[in-house]
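To start, the structure under review is shown below, and the notes come after it.
Quick note: numbers below take in every heavy atom, side chains included, and nothing from hydrogens, waters or symmetry partners. Residues take their numbers from the sequence shown, with the count starting at 1.
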Amino acid sequence: MREHDAQHREPEAPGCAVPAAASEALAEGHRATRDRVARSILDHGPSSAADLAGRLGLTSAAVRRHLDGLAAAGLVESREQRVHGSRGRGRPAKVFALTDSGRSAFYQAYDQLAADALRWISDAAGGGSAGEEAVAAFARARLAKQGLKYQDALDRAGAEQRAEALAEALSADGYAATVRRVPPAAAAPAAPAGAQLCQHHCPVAHIAEQFPQLCEAETEVFSQLLGTHVQRLATIAHGDGVCTTYVPASGAAPSSPGRPVPRRLPVRPPSRTARPRGGTSHD
């Protein structure tokens with residue numbers, strides 16, 4: 001949760017110059033205490049300032065300062081405490097609960113859960129090539145369903161703007177996708193330019209590193225949506241900074257109903273020695 005705190009540090013008292021090392025230590029202690037407050041809410045559910053103060057051994061005023069910072073960062077929200085049965089006089093107590101952003105700031109084992117599920121699919125199919133194909137079948141079904149969401153947007157786009165329409169749809173799903181137009185080769189200046197579809201983020205990168213079938217299924221869906229044979233040039237899951245897919249220009253070797261899109265397209269393996277791992281997400 002520390003990434004949210006840099007914008008919400010408590011100001012120093014006027015005229016009190018704190019040495020740099022001491023200032024950093026104070027800031028670190030402030031962040032650690034704020035983390036403890038948020039963690040206590042995660043562990044115990046919606047809590048009042050008095051509850052948090054008692055559990056953490058802090059003053060109510062100190063707890064409220066940290067709660068104000070967490071609320072400003074969008075990590076907690078206040079609400080009236082639910083009371084079962086009759087409620088006495090006076091204003092209802094206010095409690096603080098984590099928002100969705102606050103919960104996501106803590107480690108969640110979704111990656112491990114997904115990896116375990118795919119490994120179970122592979123083992124249940126008998127492992128080996130049969131297991132790999134079972135995982136591939138799951139990946140194709142999953143990505144095909146995702147592609148259905150994009151189909152209308154691409155159908156509304158002109159032939160030359162389908163890659164941009166796909167990038168916009170991917171970005172709405174968290175892939176931070178962009179399109180870069182590639183100029184035609186000097187040997188064929190009259191040829192139409194292609195494009196590179198770049199995904200700067202992918203939510204399943206760590207899983208795709210173990211199960212490349214996810215990347216391959218995604219490439220298939222791109223081919224089907226764009227109506228042409230695309231080529232995956234780089235993937236975050238294999239150590240590249242960006243997932244890059246080359247999309248030929250409209251009219252250049254399009255796929256046809258009688259010519260199925262290949263299930264496995266060539267992927268350029270990254271050079272692990274020449275290029276450091278650059279992304280935090282997938283392909």
Side-chain angles (χ1 to χ4, degrees), residues 108-154 162-163 166-167 169-177 196-248 253-272 277-283:
Q108 300 184 50
Y110 296 143
D111 279 1
Q112 188 59 49
L113 176 63
D116 289 346
L118 291 177
R119 196 164 290 111
W120 184 90
I121 290 174
S122 177
D123 292 343
S129 59
E132 291 179 3
E133 179 54 34
V135 172
F138 166 82
R140 285 193 292 270
R142 175 183 178 274
L143 270 297
K145 185 177 180 180
Q146 184 176 348
L148 290 176
K149 295 194 308 179
Y150 305 156
Q151 189 68 61
D152 288 343
L154 269 71
R162 291 177 71 84
L166 178 55
L170 286 166
S171 294
D173 274 350
Y175 289 85
Q196 285 188 352
L197 175 64
C198 301
Q199 295 158 262
H200 302 271
H201 174 74
C202 178
V204 297
H206 299 118
I207 307 306
E209 184 176 356
Q210 303 173 56
F211 299 95
Q213 295 96 324
L214 294 174
C215 297
E216 294 164 2
E218 183 181 73
T219 306
E220 292 178 28
V221 170
F222 288 174
S223 288
Q224 294 159 2
L225 289 171
L226 297 170
T228 188
H229 296 287
V230 303
Q231 183 177 10
R232 184 57 59 86
L233 302 177
T235 64
I236 295 172
H238 286 84
D240 296 284
V242 178
C243 295
T244 306
T245 305
Y246 177 70
V247 182
S255 60
S256 63
R259 185 182 178 189
V261 175
R263 288 188 174 179
R264 294 180 184 270
L265 295 172
V267 177
R268 185 187 67 193
S271 171
R272 296 190 181 275
R277 188 171 183 80
T280 57
S281 303
H282 132 16
D283 143 346

Over all heavy atoms of both residues, which pair between Cys215 and Ala237 is shortest? Give the atoms and the distance, please. SG-CB, 4.3 Å

Spacing of Lys149 atom NZ and Leu225 atom CG [to the nearest 0.5 Å]: 12.0 Å

Please report the shortest heavy-atom distance between Leu214 and Ala139, naming the atom on each side. CD2-CB, 3.8 Å

Mark yes or no for whether Ser171, through its side chain, and Ala177, through its backbone, hold a donor-acceptor pair below 3.5 Å. yes

Rounded distance [0.5 Å steps], CZ in Phe138 versus CD1 in Ile121: 5.0 Å

Just one of Thr244, Leu197, Thr245 clears the side chain to side chain contact (heavy atoms under 4.5 Å, CB included) bar with Arg232, so which one? Thr245

Applying side chain to side chain contact (heavy atoms under 4.5 Å, CB included), run through Arg142 and Val204 and close with a yes or a no. CA-CA 13 Å; Arg142 175 183 178 274; Val204 297; 4.2 Å; yes

Atom CD in Gln213, atom OG in Ser122: separation rounded to 0.5 Å? 8.0 Å

What one should report as the nearest heavy-atom pair of Arg119 and Phe211 is N-CZ, 3.8 Å

Hey, what do you get for OG (Ser223) to CD (Glu218), rounding to the nearest 0.5 Å? 11.0 Å

What's the separation between atom OG1 in Thr219 and atom CD in Gln224, rounded to the nearest 0.5 Å? 11.0 Å

For residues His238 and Pro212, report the shortest heavy-atom separation together with the two atoms involved. CE1-CB, 4.3 Å

Candidate pair Val221 and Gln146, rule side chain to side chain contact (heavy atoms under 4.5 Å, CB included), full reasoning: CA-CA 9 Å; Val221 170; Gln146 184 176 348; over 6 Å; no

Spatial distance of atom CG (Leu143) from atom CZ (Phe222) [nearest 0.5 Å]: 8.0 Å

Determine whether Tyr150 and Asp173 satisfy the following criterion, side chain to side chain contact (heavy atoms under 4.5 Å, CB included), listing intermediate values before the conclusion. CA-CA 10 Å; Tyr150 305 156; Asp173 274 350; 2.6 Å; yes

